[in-house]
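Here is the structure we will look at, set down as structure tokens.
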Amino acid sequence: MSRPDDHERVPPARGGSISARARAAASPPAIYLEGLNDEQRRAVEATEGPVLVLAGAGTGKTRVLTTRIAHLIATGKARPFEILSVTFTNKAAREMKERIAALIGEVGEGMPWLGTFHSISAKILRRHAELVDLRSDFTILATDDQLRLLKQILQAEGIDEKRWPPRQLAGLIDSWKNRGLGPDKVPPGEAGAFAHGRGGELYALYQQRLKTLNAADFGDLLLECLRLWRENPDILELYQNRFRYMLVDEYQDTNVAQYLWLRLIAQKRKNLACVGDDDQSIYGWRGAEVDNILRFEHDFPGATVVRLERNYRSTGHILSAASHLIAFNEGRLGKTLHTEDEPGEKVTVTGAWDSGEEARAIGEEIEALQANRHALSQIAVLVRVSAQMREIEDRFVQLGLPYRVIGGPRFFERAEIRDALAYLRCVNSPSDDLAFERIVNTPKRGLGDATLQILHNHARAAQVPLMQATRFLVETDELKAKPRNTLRNLMAAFERWSAMRETMPHHELAEVVLEESGYTDMWQKDKSADAHGRLENLKEFVRSMEEFPDLLSFLEHVSLVMERNEADNEDRVSLMTLHAAKGLEFDTVFLPGWEEGLFPNQRALDESGLSGLEEERRLAHVGLTRARRRAKIFFASNRRIHGMWNATVPSRFVDELPEESVEVTEAQAQFGGGFGGGFGGRPGGSRFDQIESFGSSYETPGWQRAQSRKAAGGFSDAGGGGWRGGGGRSGPTVIEGELVARSTGTESTFEPGARVLHMKFGPGTVAAVDGNKLTVEFDKAGRKMVLDSFVERT
DNA sequence: CTATTCTATATATCA
DNA sequence: TATAGAATAG
């Protein structure tokens with residue numbers, strides 16, 4: 001993305017250089033300002049001093065941001081390379097570039113300082129790497145490299161990985177880095193929480209390792225940038241002077257490190273404009289500090305605050321539902337969204353018997369919409385946790401509904417891509433130990449722990465990179481004959497490839513390397529389901545290299561900016577998590593799983609209490625405000641959690657919606673009466689008779705049933721194990737009826753107290769019988785629910 | 001060293 | 001229930 005920009009040496013503009021003035025004069029009077037409402041216009045034109053734009057969902061935030069940049073350039077206040085513009089995702093950065101280009105004509109590389117915090121920091125660090133003990137070709141460590149490194153450190157320190165998982169340490173280090181804390185500044189209490197007080201020490205060791213590897217992890221990009229500026233005031237001043245204007249998108253998502261970063265860089269000119277929405281802060285768990293936005297006026301005295309409250313996206317009912325809900329939060333700056341759009345359809349709340357029925361109902365509603373010529377690409381299903389996706393996907397597959405999952409593992413995080421990358425990193429830099437380790441035995445070459453250990457020992461003893469140690473060792477008899485030959489061949493191959501670099505375009509070289517190393521072969525021989533897809537990914541990987549001039553620039557940027565390019569214009573339903581949906585909008589949005597425990601998520605509540613709840617509520621608000629014309633909420637009364645069925649209760653958020661904007665329906669009339677019916681669950685069934693509207697009230701049978709269950713204490717009182725209590729317990733009759741209906745229908749011949757033998761769990765005593773399901777107290781395995789066909793009488 | 005069996009674990013995710 | 005990673009057997 002960012003090639004070295006050639007504007008660097010142009011002397012800084014002074015008020016209005018001739019060219020800038022000429023440009024300003026040449027452009028017709030501010031066409032780009034047309035169509036903005038008063039507030040938006042104010043946000044664009046308040047160029048001087050600190051500005052906070054509180055932009056509610058759908059109020060034209062991105063438009064303000066891009067117009068503001070266009071305005072700065074068109075009026076000659078700054079040239080493109082004097083504007084620092086920070087976003088959180090590459091996607092946002094890309095979109096912004098496109099929109100600016102559309103406004104003021106092609107800027108292309110002219111906005112070199114528009115990017116993510118990380119890419120901008122990396123760019124700065126590469127220029128001054130030596131000042132923070134790195135070389136300018138340092139590698140950027142992805143999460144899995146980071147974990148491997150930590151694991152090595154834990155092993156070297158003799159710390160039990162079981163008791164102190166590397167992941168946990170990685171999480172801790174991350175959270176310290178998010179708060180701008182170096183190893184020396186870690187609060188003793190927190191450092192003590194890991195491995196008997198060795199947390200801080202391990203953090204320091206990790207940082208030390210990074211330096212010797214000439215590597216930085218994502219957190220370091222920011223942290224080292226901070227250190228660079230703090231320790232070198234002259235360099236700080238350089239950047240303070242260069243950036244005449246600064247803009248930050250999604251300010252509510254900034255963490256402490258990013259806040260400090262901004263504060264340093266904005267200290268001098270103070271032309272910092274932050275755009276954000278405290279009601280859309282949903283990343284507290286990864287270090288975002290809502291406080292940053294709540295404190296803005298305090299941190300930047302004299303700040304101009306502009307509120308954007310006119311929503312251009314959603315209809316009245318949707319907006320009032322979202323506003324009413326979010327008003328239950330206490331820690332907020334307070335905005336009142338309004339629209340001049342018509343009220344539109346009410347938000348629907350639909351209760352379903354279980355998650356399967358919920359998925360069915362969604363599928364059917366989508367088919368109905370489809371029959372009404374609703375574009376599938378304008379429909380989204382937003383879930384709280386990705387585990388919810390499977391059942392919905394299953395349903396879509398059955399119905400033949402085209403869908404796409406948004407989010408999930410990124411292209412460059414896939415194993416095959418990281419492997420391929422590791423090969424290239426080795427070709428590029430023989431001292432890249434992490435890359436070498438990754439691929440020495442991939443594909444399998446018969447090199448195991450033992451061999452690797454020898455390499456490691458020598459490398460450490462001689463203070464040389466692994467590859468160099470290997471080159472030396474294959475000429476000695478330190479190694480057994482077999483691994484020695486294997487390694488010698490591998491080293492020869494790397495030498496060959498390095499030589500080819502001179503004579504061959506880098507993407508062809510990549511092909512050769514993957515072919516000759518046997519890597520492509522490995523996947524071709526693999527006959528698992530996803531092997532084909534992996535080969536496709538590898539092809540795409542090689543193809544994507546063509547977009548870069550050479551291997552070096554490719555490597556330098558993949559870790560930060562490579563994304564799966566989904567040039568998919570097909571008409572499909574989108575399925576994603578609520579988090580992934582931020583910033584998107586759809587005509588129709590389905591919101592399944594509004595149940596206590598799932599949403600608001602129990603874990604969020606347990607770990608963060610009230611602030612956790614408020615973040616969950618903001619997430620609900622984000623979900624609702626993604627919808628332009630239709631928002632459809634669902635909850636199920638029974639859901640499987642970690643494979644165990646649980647009775648669930650509608651989310652409190654459902655109760656926080658304004659009654660006048662909500663319509664309550666029932667997914668399946670069959671169970672509406674509660675008792676008696678419900679046997680013989682017919683799959684499919686007719687399409688519309690199941691979704692009955694009982695008018696806009698909270699008085700449908702299902703609703704009341706759900707409420708009474710809620711009042712009765714819900715699943716938490718049901719013994720924790722869902723239905724396992726069966727016979728003995730006084731669980732809701734309906735549940736048992738349903739359970740029997742789901743089973744083969746034959747009543748088990750076992751009775752409580754019978755001794756049985758299970759093929760897996762061994763001997764046990766039947767505690768309860770429920771249809772053909774038994775609850776057995778096993779002598780060894782404990783209490784489990786099993787099908788009677790899996791045990792025999794003893 | 002590799003293949004199999006076993007066991008622990010399960011919010012969200014950006015760079 | 002599903003999966004990833006570790007222990008164990010071959």
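In what follows, every chain begins at residue 1, and chains take the letters A, B, ... in the order their sequences are listed.
The side chain of K162(A) sits closest to dA6(C) out of dA6(C), dA12(B), dA15(B). Checked against dA12(B), dA15(B), dA6(C), the side chain of N90(A) finds its nearest nucleotide in dA15(B). Taking the side chain of V385(A) as heavy atoms from C-beta on, and the options dA15(B), dT1(C), dA12(B), the nearest nucleotide is dA12(B). Comparing dA10(B), dA15(B), dT2(B) by their closest approach to the side chain of T89(A) singles out dA15(B). Closest approach to the T577(A) side chain among dA12(B), dA10(B), dC1(B) is made by dA12(B) (side chain taken as heavy atoms from C-beta onward).
Phosphate contact (OP1/OP2 of dA15(B), side-chain N/O of S121(A), threshold under 4.0 Å): absent. Look at N601(A) and you won't find any side-chain N or O under 4.0 angstrom from OP1 or OP2 of dA12(B). Phosphate proximity of dA6(C) to K151(A): present, with a side-chain N or O under 4.0 Å from OP1 or OP2. Between dA15(B) and N255(A), no contact under 4.0 Å exists linking OP1 or OP2 to a side-chain N or O. Between R286(A) and dA12(B) there is no side-chain N or O to OP1 or OP2 distance below 4.0 Å. Look at R390(A) and you'll find a side-chain N or O under 4.0 angstrom from OP1 or OP2 of dT3(C).
Contact annotation for T254(A): no contact, since no heavy-atom pair falls under 4.0 Å across all strands. Using a 4.0 Å heavy-atom distance criterion, L447(A) is classed as a sugar-phosphate-only contact. Heavy atoms of A122(A) sit nowhere under 4.0 angstrom from any nucleic acid atom. As judged by a 4.0 angstrom heavy-atom cut-off over every strand, D174(A) is placed among residues making no nucleic acid contact. No engagement by E391(A) is indicated, since no non-hydrogen atom pair under 4.0 Å with the nucleic acid exists. Heavy atoms of D253(A) sit nowhere under 4.0 angstrom from any nucleic acid atom.
A straight line from CE of M576(A) to C1' of dT13(B) spans 15 Å, rounded to a whole angstrom. Per the geometry, CD belonging to E413(A) stands 15 Å off P belonging to dA4(C), to the nearest Å. Look at CG on L141(A): it is 17 Å from P on dA15(B), rounded to the nearest Å. Following rounding to the nearest Å, K480(A) (NZ) and dC1(B) (C1') show an atom-to-atom distance of 11 Å. What separates CG of L223(A) from C1' of dA15(B) is a distance of 14 Å, to the nearest Å. Distance L221(A) CG to dC14(B) C1': 12 Å, rounded to the nearest Å. Straight-line distance from the CD1 atom of I120(A) to the P atom of dC14(B): 19 Å, rounded to whole Å. The separation between R640(A) atom CZ and dA10(B) atom C1' is 14 Å, rounded to whole Å.
The residue among F218(A) and S386(A) whose nearest nucleotide of DNA chain B lies closer to the 5′ end is S386(A). Sequence order on DNA chain B of the closest nucleotides to A604(A) and T143(A) puts A604(A) first from the 5' end.
Judged by distance alone, the side chains of D354(A) and N638(A) never bring a donor and an acceptor atom under 3.5 Å apart. E250(A) and Q252(A) form a side-chain donor-acceptor contact under 3.5 Å, judged by distance and modelled atom types alone.
As rounded to the nearest Å, dG5(C) and dA12(B) have P atoms that lie 16 Å from one another.
Below 30°, between 30° and 60°, or above 60°: for Y519(A) and W523(A) the angle between ring planes is above 60°, a perpendicular geometry.
The ring of F541(A) has its center closer than 6.0 angstrom to the ring center of F554(A). No close placement of the W594(A) and F635(A) rings is indicated, their centers lying 6.0 Å or farther apart. Aromatic pair H128(A)/W229(A): centroids not less than 6.0 angstrom apart.
Under the salt bridge (charged side-chain N to carboxylate O under 4.0 Å, His left out) test applied with D253(A), the options K582(A), R286(A), R618(A) reduce to a single match, K582(A).
dA4(C): Watson-Crick or G-U partner is dT7(B), with both key distances under 3.5 Å.
We find that the ring of Y283(A) and the base of dA12(B) do not stack by the test of centres under 5.5 angstrom and planes tilted less than 30°.
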